[in-house]
Amino acid sequence: MKMGNFTLHHHFAFLFLLAAPLVAFAISTSDDFLQCLSLHSGNASAISKLVYTPVNSSYYSVLDITIQNLRFLTPSAPKPNYIVTPLDVSHVQASIFCSRQYGLQMRTRSGGHDYEGLSYLSEVPFVILDMANFRAISVDAKDKTAWVQSGATIGELYYRIAEKSKTLGFPAGLCPTVGVGGHFSGGGYGTLLRKYGLAADNVIDAQLVDAQGRLLDRESMGEDLFWAIRGGGGGSFCVVVSWKVKLVPVPSTVTVFKILRTLEQNATKLVHQWQLVTSKLPDDIFISLTLQSYNSSPDGMMTMQAIFDTLYLGGVDSLLKVTSSRFPELNVTRLDCTEMSWIESVLNFAGFSGEPLEVLLNRSSNTKIFFKKKSDYVKEPIPESGLEGMWERFFEEDQGVHMMTWVPSGGKMAEISESAIPFSHRAGVLYKILHATEWTTGGNEVAPKHVSWIRSFYGYMAQYVSKSPREAYINSRDLDIGMNNVIGDTSYKQASVWGKKYFKNNFDRLVRVKTAIDPDNFFRHEQ
């Protein structure tokens, strides 16, 4: 089977099929590692052009270009000994072998959006396997499937689907610069989740390189590992090099609206009602909610702003019938709504309304910021008194710095079993919360203030969110909820502190899969 620039052989013969022992040999010079890569990649001249060390003039530009969180874009942040940007599976295999040989940890980076920087930071000597060149996409509109390599972005995938069909889509995220490798590995939320589930729910095959250097597909890796890589978190089991996804039908016309309401416009009651309604709506409609503070007058009076962002899979007439009967309090009018194609709605939610589709091919973000994020799941509506307590705490923080995004569940999400893939936040969930504190001025000098605030706010929210465990979303990475040891072994008890918050009862199965596929724990990081 051919995909992109490599061919999969079920019985892949490779020089180092028997993995090197996982021992920390001292690296005498950087030449040792580079020579190892040249020896084992099969093309010495090619691999040398794909490796960057701190002495290379382009090292820092390659390292920094996809780092999204400016908290980690500092001179004091740990830097990799090497950045390898593979073009071929043999380069991935050689990187794994040589990293093991010389005791280097490996961090695999797809799009660089890991909230805690785990795809490009480590406290011990490490290599970044940067998959940016691994981004071939092959769309089969007739079969309604696509192969997409892990270094491709969500935006590139959407663009290539739109090239082939106006009535096919894929249920992935809103930010077009997110890499599919990490996104699919953790689940993958998007505007189509109530209709079709997560991105990971629609993965039907994959090709990966394990710690032994073997190239495996779904058949040869087995169902346990295939289960684990679809929601079990990126970088923990292997290097997934490509994914086969099932494309989903979308109508030729969809409708969007964005409605803003302040406290003075009854936002508190609307937010409370949103909780009662949105997870029970028809699965063709998705209404997300963003909450943030802002100055409502020249004298600095603070208020809250609730933003209702909606995608409806159909025309405006049928949408208005739904909103008027199921959520009349929002008072949606025809003037609020815009009909468009599904791919235009992708641009709309990404903040690129009216721009050409080619903007989806831009791999780097122009809006890098300082941030700290956390996540929660809500199973019972927060009372109005609880919402008012939230507003009070918002007003303690600088204007616009803190933001919450509430993503509704229900529909297809509630129909899929908690154990179908490692993602376990299904039936009974009303919505997911993304807590975000973001700032552009003051840099890391003000980070302690903002991080302290979001941790305090997170503490306040404990009474209103899921319990035992307090659930969290792996792609909203949060080291506050628990960490593994970077050096040395981590006990099951220690890992389960964070693991059961992300995966609940699926955590034990993930541990068994990890033990079987990577017994030496080569693929490791803080979570």
Side-chain angles (χ1 to χ4, degrees), residues 4-53 62 80-110 119-120 122 124-134 149-151 181 206-217 220-221 225 229 234-242 486-487 513-525:
N5 58 359
F6 66 88
T7 303
L8 174 67
H9 301 286
H10 289 289
H11 302 287
F12 190 80
F14 195 73
L15 182 62
F16 59 87
L17 191 59
L18 295 176
L22 188 64
V23 292
F25 295 127
I27 302 177
S28 55
T29 69
S30 64
D31 289 345
D32 296 336
F33 182 80
L34 298 176
Q35 288 172 3
C36 180
L37 288 178
S38 297
L39 176 64
H40 293 289
S41 68
N43 189 332
S45 60
I47 193 69
S48 64
K49 299 174 183 177
L50 303 173
V51 183
Y52 301 85
T53 69
V62 173
N81 298 48
Y82 310 93
I83 305 170
V84 183
T85 58
L87 285 171
D88 187 82
V89 167
S90 66
H91 303 154
V92 176
Q93 294 169 310
S95 298
I96 292 172
F97 176 81
C98 296
S99 295
R100 291 175 65 108
Q101 182 76 25
Y102 290 101
L104 293 165
Q105 285 197 1
M106 176 177 284
R107 299 293 163 108
T108 305
R109 183 167 71 173
S110 176
S119 62
Y120 51 85
S122 178
V124 299
F126 70 110
V127 176
I128 291 178
L129 188 68
D130 190 319
M131 302 295 284
N133 293 328
F134 243 82
Q149 291 184 327
S150 283
Q207 296 168 347
L208 59 84
V209 180
D210 69 5
Q212 315 305 314
R214 297 174 297 184
L215 179 62
L216 306 172
D217 65 359
S220 54
M221 78 177 76
L225 182 53
I229 62 174
S236 297
F237 303 95
C238 56
V239 176
V240 180
V241 292
S242 68
V486 180
I487 302 174
V513 174
K514 168 69 172 175
T515 303
I517 192 65
D518 185 17
D520 293 326
N521 198 23
F522 171 69
F523 294 106
R524 63 191 300 172
H525 50 62

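Hydrogens, waters and symmetry mates are skipped; everything else that's a heavy atom, side chains included, is used. Keep in mind the model is a prediction, meaning the values are calculated, not measured.
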Could you check H525 against R107 for side chain to side chain contact (heavy atoms under 4.5 Å, CB included), going step by step and ending with a plain yes or no? CA-CA 8 Å; H525 50 62; R107 299 293 163 108; 3.5 Å; yes
Donor-acceptor contact below 3.5 Å, side chain S41 vs main chain L37: yes
Got a donor-acceptor contact below 3.5 angstrom from the S150 side chain to the G181 backbone? no
Gap separating the CG atom of D31 from the OG1 atom of T53, nearest 0.5 angstrom: 9.5 Å
Got a second to check how far L225's CG is from D518's CG, nearest 0.5 Å? 10.5 Å
Using the six-membered ring wherever Trp is involved, compare the ring planes of Y82 and F33 and label them parallel, tilted or perpendicular (cut-offs 30° and 60°). parallel
Interatomic spacing from CZ in R214 to OG in S220 - rounded to 0.5 Å: 8.5 Å
With no hydrogens and no angle check, is any side-chain donor or acceptor of K514 less than 3.5 Å from a backbone partner on F237? no
Taken in chain and number order and not counting sequence neighbours, the residues that satisfy disulfide bond (SG atoms under 2.5 Å apart) with C98 are C36
Stepwise side chain to side chain contact (heavy atoms under 4.5 Å, CB included) test for M106 and F126: CA-CA 6 Å; M106 176 177 284; F126 70 110; over 6 Å; no
Begin from the C-alpha positions of V241 and L208 and carry the test side chain to side chain contact (heavy atoms under 4.5 Å, CB included) through to its verdict. CA-CA 5 Å; V241 292; L208 59 84; 5.7 Å; no
Non-hydrogen atoms of S122 and Q105 that approach each other most closely: OG-OE1, 3.4 Å
Does T108 have any side chain to side chain donor-acceptor pair (under 3.5 Å) partners at least two apart in sequence or in another chain, and if so, which? none
Test side-chain hydrogen bond (donor to acceptor under 3.5 Å, both in side chains) applied to S242 and Q207, step by step: CA-CA 5 Å; S242 68; Q207 296 168 347; 2.9 Å; yes
Indicate the atoms forming the closest heavy-atom contact of L50 with A46, along with that distance. CG-O, 3.4 Å
Exam field: side chain N133 to backbone T85, donor-acceptor pair closer than 3.5 Å: yes
Contact summary for M131 and V240, nearest pair of heavy atoms: CE-O, 4.3 Å
Mind listing the closest non-hydrogen atom pair of V62 and D130 along with its distance? O-OD2, 4.3 Å
Look only at the side chain of S99 and the backbone of I96, and say whether a donor-acceptor pair between them is shorter than 3.5 Å. no
Can any side-chain N or O of D210 pair as donor or acceptor with the backbone N or O of G213 at less than 3.5 Å? yes
Return the CZ to NE2 distance between F134 and H91, rounded to the nearest 0.5 Å. 8.5 Å
Side chain to side chain contact (heavy atoms under 4.5 Å, CB included) between L129 and V92, worked out: CA-CA 8 Å; L129 188 68; V92 176; 3.9 Å; yes
If you look at every heavy atom in V209 and F523, which pair is closest and at what distance? O-CZ, 4.3 Å
Considering only NZ, NE, NH1 and NH2 on the basic side and carboxylate oxygens on the acidic side, decide whether R100 and D520 come within less than 4.0 Å. yes
